Amino acid sequence: MAILTAFRRAVEDLFDSPDLPEGFAALDDEYYLVTVQQRLASLVDQVLEELDGRRAAADEGRSRELALQGHFRIGTQIPDPSRPGNGVIQAHYVLDLPQIQAPMPDFGKPKECLRLQVPIDALRAIADAQDHAFGQSHRRKSLERLFKHIRRADDSLLADGFLILDAGLIRVLSACTGSGKSVLAKLLAAWGVKNNLVTGIVVPRNDSVLSFTRAIREELHALGLRDAVVVPLISPNSMQEEAEKAARSLIEEGRAQEADEAYGEFAYGCAMQAKSTNTQDVDLWQPGHERCSDFEGTDPESGETRRHRCPWFAHCGKHRHQLNLDKADVISTNHINLMSGRLHIPVLAEGDVRNHMTVEEALLRLTHVLLIDEADAFQATGFAKSAHHVTLARYGSRQPSALQELHDQFSVRAGALMYELDRYVHPKITQARFLAESYVSNAAHGRIAQRGPNERNRQQLARRRLIIPRRWDAWCTARLWRAPDGESPMREQIDTFRKLFNPKEEAQLAGSKVPVVPGVGESTREHLTQLRTELLDATALREGTDPVFDNVHARIAAAARPLLDEHLADDDRELLVDLLVRRAYLEQIRAQIEYVTRSGTSLKASGITAANELTEMLEDNNQWHAAPYGPLGAPVFGFTAIHDIEDKHRTELALTSFAGDPHAYTAQLGDTTALALCGQRRIVLGLSATAYMPGGTMHHLIAPPTWYVPDDITGSLVLRSLTLRDERNNPIRISGTSDIHRDQAHQQMGRAMWSQHIVQHLKKLASRPATAHRARILVACTSYVGAAQLAEGMISAGADPEMIAVATRASDENTVPTHYRRRPAWYEIPSDALERFPHHPTAKVLIAPLAIAERGLNMVDHSGRSLVGEVILAVRPIPLMDEPAQLLALISSRAYSGVTRSADPAETLRDLAITSSSVHEELFRSHHFFQSLPNKVRLSIVAEMLIGIIQLGGRVRRGGDRGVLYLADYAFHNPSSGSDLPRLIRELREGWSRSGELELLQNIYGSTLRAIFDFADERTSN
């Protein structure tokens, strides 16, 4: 699904094939003519068969024979801190093995299941049996609470005794934190096993996969279903790391037996290492970095080098979970693996051997029902995966860019690389780095303009912005071909214009048809050829002189002058030259990077890891999706330019892309995607506490809730302001500050928070019998560095370091900068083990980034009561609107919320593209400071902020407790800015009321939404 131009490119690619089915002829630039008398449906079937054949041929190219006999070699990466990237050693294997049986999982035909009627009494019986087996009662209580209050979207009760699940569009259950969604998911899985149905459960993270797997196995065993197969499906490359991480965490908690079980779940060994003739390869084996399908051997007949698969892959512990997929009764995986993971082994599907099948397709084929926990977070993950941002050059910065790292790693290893890489790739890397750094240098000094035709004032450009190199092609073409005002240039004119920037031989104008410029006549080709020469020379380094310094603007202006209308305004002439120079640079940078990333696999194998990020960007954009482009209708591949006229050292250039449509993907996973991948619709049930928040960008699902459980059933939340003051009695504000001022604000906030609030409130919580068990405080901020700075401030105000716990990245428990370690250290907890916090003997305050604190933290006692007494949100969480993920989410959400549905799909796509393009333009024209953003954008940010507040409040209201959430950043409350939170909440409420969405919101969020509205109304600003 795409706009006409993107669809046309796809059709032209399809028809550029010798195997094109007969019956098509190009009529003109807009249409293909069907030339045979044939039913349209059968003709479409032929085209689809052609596409299936191409997919099968590509899949066949990924097949590998087993490495059984002969000499094989492979480059193995090893850690090498002495030089950029990883070291690489050449490992050799001499094998003389008999034929090894390599059975493949047989997925058969996709499961057929269009509707399930789940008897609620059957779920009750399972809950009773499991509670009895474990001497517990929470499963039945949770289930009764859930189904007592569950309602359909029209507010009617679910009174027929069945939970009916239909295949197709996602079904959403919106239920607050602590209401029993996880209990329901596990009961549905158990019911499925008893009824010979396969259930897939998709959870946010790898550690959640492990905990769900362990819990479901135990509960199935309690039902006597000991033969049931539960498969935890994570990337095989992450298994050993997850095994060690889980075991270490459980041992620290004193749970040695569970640590052994967790380690045994994912740990593995590598038989191939025993066959290596290189002892260094054996000693430095890196689990997760094995190249199981890349053993190079020589074909005895042709003498050619071929890649082979490890002979033991079908018996290897690394692949054991993927090998068990066809036997699974329950499959658990994580969000990112479902979206972008692939099977590392070949499988059979309907009799065909499939290599590198996606995890997405595997689960849609194998399961009858797919449950997605935290469905709104699943969608947000999709935006993070669909958008990419890689810095190419920085002006005067010590922090290396991606191209600088790539160039340095390549230089270090140049002598050990394949000849092809050294000959063809190295010059491209060098040229790309020179062009990017030259662009940044010239932009910093104003020699390359950042403006466009809709922005004539250079002084407005002291910010970062997205630049699409081809965005102004039509405008430039219209000037060069003297198009009358209001008329668009013809397609052949635009195609010729684009050849001016293409150095390839086929783009030369000498032998091609060139549309004549009015008033220029037969001299058009000559003048365009001269202009093309100057544009290509604009990026060529000659005699050590940067072309921009060597009067490139003047030369291009002189070459373009004969083509331009003599009445064209001087400002338009100057702007045209600026756009031509900028496009020449950016087009060449893009071309060189695309060339380099085609060798991404070879570079990675050679230890050049700096190319990974660039390669991943292009691979993600090429991955198949039912809706590949989103409302924009075309992929966006451009550059983010950061330019500050007051500080040239802030100038940067980054490669930016976004493609895909996470809104449509999440809603239609069981519909369009399932039909395309396996020919069957699939039941998809999304579970979330905050999937419905109109105006939200990342987390609001476009599919409305099918059922909801009112928020009031699991305690209440109170929202309060907390204005903290510094030593000069000024209110402390963090949001809106930057650099050293932000660091200082965090430390001031920490000092004031400890002395003015936390000390007193910890005493109050501990002194009351009703709250003594939860005398702890959770402080949320927006970054790991900010968390450390808050802790530093608290300690400087007299806090005992033993009372402070700070979250660190899960991958590294020592990520806090060293200069924060000069004073007594606080207690550090990895972000995937924050549930340890309540069990620490002395820690009473946990400081963690909001992104990890707001979800998935079940800090409760055995009765399900929260072990945290209150939450403080220390920093107003305003996203960077320049980030590609945020831009994509905002554009997409605004387009879907404003589109009018039509019976004509093409008309709907056009409307989506028009709406999203206007939002795109609106963002381009605005400064990206929060108070300067368009009001609709600010309200969307506030809607997302409310989702975070509701999720964060869920950490303190578990088990029916009354939770209190304090907003500490003065940016929340400052009425003089015109963008204070109370004012914007009131505007958001008015908008929901006008659109008719307020009633459902009040039904879903109940007392929590009332508390938010009370907070807004109590702080009415003038």
Side-chain angles (χ1 to χ4, degrees), residues 719-765 777-801 803-807 816-817 819-826 844-850 853 869-878 880 929-932 945 948-949 952 964-984 1015 1018-1019 1021-1022:
L719 205 62
R720 292 178 179 169
S721 63
L722 175 63
T723 301
L724 300 169
R725 297 184 176 274
D726 62 16
E727 294 81 358
R728 298 181 180 180
N729 203 35
N730 295 319
I732 301 172
R733 172 183 181 141
I734 296 178
S735 179
T737 61
S738 60
D739 301 329
I740 190 172
H741 302 293
R742 191 175 184 88
D743 299 340
Q744 292 170 348
H746 273 102
Q747 293 178 344
Q748 289 174 341
M749 177 74 77
R751 286 193 292 272
M753 191 181 296
W754 181 263
S755 60
Q756 300 172 29
H757 182 85
I758 289 178
V759 172
Q760 300 90 322
H761 281 246
L762 282 177
K763 290 180 180 178
K764 188 184 296 184
L765 288 168
I777 293 176
L778 171 62
V779 179
C781 54
T782 55
S783 68
Y784 289 100
V785 171
Q789 291 168 342
L790 287 170
E792 183 71 18
M794 291 181 189
I795 292 172
S796 70
D800 182 351
M803 295 182 67
I804 309 297
V806 177
V816 177
H819 57 275
Y820 289 119
R821 298 182 178 275
R822 296 174 183 170
R823 300 192 181 189
W826 43 80
K844 297 298 180 184
V845 178
L846 171 63
I847 312 174
L850 177 64
E870 67 179 53
V871 176
I872 303 172
L873 184 52
V875 186
R876 183 179 65 173
I878 300 297
L880 290 174
F929 301 110
F930 181 66
Q931 64 187 39
S932 302
M945 199 183 300
I949 287 173
L952 190 62
V964 182
L965 192 153
Y966 290 93
L967 303 178
D969 192 342
Y970 189 60
F972 283 120
H973 318 301
N974 182 13
S976 63
S977 67
S979 58
D980 55 297
L981 184 60
R983 179 198 298 268
L984 294 173
F1015 166 80
E1018 289 170 2
R1019 299 184 60 84
S1021 56
N1022 298 325

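For the numbers below, each heavy atom of this structure counts, side chains included, while hydrogens, waters and symmetry mates do not. One-based numbering along the sequence shown. Since this is a predicted model, take the numbers as computed values, not measurements.
Applying the side chain to side chain contact (heavy atoms under 4.5 Å, CB included) rule to D739 yields the partners R650; only residues at least two apart in sequence or on another chain are considered. Applying the side chain to side chain contact (heavy atoms under 4.5 Å, CB included) test to A752 and every residue at least two apart in sequence or in another chain returns L724, I732, Q756. Residues meeting the ring pair (Phe, Tyr, Trp, His ring centres under 6.0 Å) test with H761, sequence neighbours left out: H757, Y966. Qualifying side chain to side chain contact (heavy atoms under 4.5 Å, CB included) partners for P877, counting only residues two or more places apart in sequence or in other chains: T782, L850, L873, M945, F972. For A971, the side chain to side chain contact (heavy atoms under 4.5 Å, CB included) partners are R733, S735, R876, D969, not counting sequence neighbours.
Proximity of L790 to H746: side-chain heavy atoms (C-beta onward) are separated by under 4.5 Å at one or more points. Residues R725 and Y970 fail the side-chain proximity criterion, which asks for heavy atoms closer than 4.5 Å. F1015 has its side chain within reach of L981: a pair of non-hydrogen atoms, C-beta onward, lies under 4.5 Å apart. Taking 4.5 Å as the limit, some side-chain heavy atom of I734 sits within range of a side-chain heavy atom of R742. With a 4.5 Å cut-off on side-chain heavy atoms, W754 and V845 count as touching.
I872 contributes atom CD1, which lies 9.0 Å from atom CG of L965 (distance to the nearest 0.5 angstrom). Atom CD of Q747 and atom CG of D726 lie 13.0 Å apart (nearest 0.5 Å). We find the CD-OG distance between E1018 and S721 to be 8.5 Å, quoted to the nearest 0.5 Å.
In plain terms, the two heavy atoms of A780 and L952 that are nearest each other are CB-CD2, 3.9 Å. Taking both residues in full, the closest heavy atoms of A791 and I804 are given as CB-CG2, 3.9 Å, listed atom of the first, atom of the second, then distance. S979 and L984 get closest at one heavy-atom pair: O-CD1, 3.5 Å. Closest of all the heavy-atom pairs between P731 and T723 is CB-CG2, 4.0 Å. Nearest heavy-atom pair, V806 versus A787, reported as atom, atom and distance to 0.1 Å: CG1-CB, 4.0 Å. In terms of heavy-atom proximity, R983 sits nearest to P975 at NH2-O, 3.9 Å.
Partner of L967 under the side-chain contact (heavy atoms from CB on, under 4.5 Å) criterion, out of V875, L722, L719: L719 alone.
For residues 746-763, the set of pairs meeting the salt bridge (charged side-chain N to carboxylate O under 4.0 Å, His left out) definition, not counting sequence neighbours, comprises E727-R751.
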Steps toward side chain to side chain contact (heavy atoms under 4.5 Å, CB included) verdict (D980, H973): CA-CA 5 Å; D980 55 297; H973 318 301; 5.8 Å; no
